[in-house]
Amino acid sequence: MSENNILEMNQGNNSLGKVEIAPEVIEVIAGIAASEVEGVAQMRGNFAAGMVERLGKKNHGKGVKVELTETGVVVDVFCAMNFGISIPNVAQKIQDNIRQALFNMTALEVDEVNIHVVGVVFENQKQESPVDQEI
């Protein structure tokens, strides 16, 4: 690992140069992979990310924190789930999807994918009552 928080990829006999991946790239890949799983209502973000999204720019790394440690890469995902789903099953699917996406796109094996469920989102079911008309 490099001291400036950039992950260096060891490509073996690649004499063309080195490949470095910024943690922000890993956050974006993990964020997209997590939000693709059915049952995830939203990814948690901070106030600045919310304001940027209101201005029209999508923040795909929202709700994902990547930590480069001496032993490897640790990904923390903060999300809200839909009401009525099995949280352990959806969390497992998120972990699997993130591991697969990161391996396919970066050839990176992740040490940990920690899922933090920070809320449950209820569907707003507006019951529209039929209007009784008197004739």
Side-chain angles (χ1 to χ4, degrees):
M1 305 283 165
S2 178
E3 60 273 359
N4 59 356
N5 280 345
I6 292 183
L7 183 65
E8 291 185 22
M9 304 299 293
N10 295 328
Q11 298 271 326
N13 296 353
N14 189 356
S15 62
L16 297 175
K18 64 181 177 179
V19 176
E20 296 178 341
I21 299 176
E24 292 81 15
V25 173
I26 298 170
E27 288 176 359
V28 168
I29 294 169
I32 292 171
S35 61
E36 288 176 345
V37 176
E38 188 173 333
V40 175
Q42 60 192 20
M43 303 295 288
R44 188 191 96 187
N46 55 23
F47 177 74
M51 291 304 295
V52 168
E53 280 190 355
R54 286 191 183 106
L55 295 174
K57 184 172 189 266
K58 186 74 173 160
N59 184 4
H60 292 292
K62 179 174 80 168
V64 179
K65 179 183 155 204
V66 173
E67 186 177 346
L68 305 177
T69 65
E70 294 298 322
T71 59
V73 178
V74 176
V75 178
D76 288 299
V77 178
F78 300 87
C79 60
M81 302 285 189
N82 288 325
F83 178 76
I85 54 98
S86 171
I87 291 176
N89 290 343
V90 172
Q92 180 68 47
K93 289 177 185 174
I94 294 170
Q95 290 173 324
D96 293 340
N97 207 24
I98 289 173
R99 281 185 193 275
Q100 191 67 37
L102 286 174
F103 184 74
N104 289 342
M105 296 181 77
T106 65
L108 182 65
E109 288 285 345
V110 184
D111 285 347
E112 294 180 17
V113 178
N114 302 314
I115 309 299
H116 305 274
V117 180
V118 296
V120 175
V121 175
F122 299 93
E123 289 187 30
N124 293 336
Q125 298 176 345
K126 294 182 180 178
Q127 299 283 333
E128 294 184 2
S129 60
V131 177
D132 293 332
Q133 296 180 353
E134 294 183 19
I135 298 181

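What you see below is based on every heavy atom in this structure, not just the backbone, and it leaves out hydrogens, waters and symmetry mates.
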Is there a path of hydrophobic side-chain contacts, each under 4.5 Å between heavy atoms of I, L, V, M, F, W or Y residues, that connects [X] with [Y]?
X    : Y    : answer
V113 : V74  : no
L108 : I21  : yes
V19  : V25  : yes
V120 : V118 : no
V37  : M105 : yes

Minimum heavy-atom distance [X]-[Y], with the two atoms named:
X   : Y    : value
K65 : E27  : CA-OE2, 4.2 Å
A30 : V75  : CB-CG1, 4.1 Å
Q95 : I115 : CG-CG1, 3.7 Å

Counterpart residues, side chain to side chain contact (heavy atoms under 4.5 Å, CB included), relative to [X] (two or more places apart):
X    : answer
A101 : I29, A33
A34  : M43, V77, I94, I98
Q100 : N104

*In Å, rounded to the nearest 0.5 Å, how long is the span from CD1 of I26 to CD of E24?*
9.0 Å

*Can you name the residues that form a side chain to side chain donor-acceptor pair (under 3.5 Å) with E67, not counting sequence neighbours?*
none

*Which residues share a side chain to side chain donor-acceptor pair (under 3.5 Å) with E112, sequence neighbours left out*: N114

_Determine whether a donor-acceptor pair (N or O, by modelled atom type, separation under 3.5 Å) exists between the side chain of S35 and the backbone of I32._
yes

*Would you indicate whether the side-chain heavy atoms of V73 and L68 approach each other to under 4.5 Å?*
yes

Please tabulate, for the side chains in residues 79-88, all donor-acceptor contacts under 3.5 angstrom to protein atoms that are two or more places apart in sequence or on a different chain.
| unit_1 | atom_1 | unit_2 | atom_2 | d |
| --- | --- | --- | --- | --- |
| S86 | OG | N89 | ND2 | 3.2 |

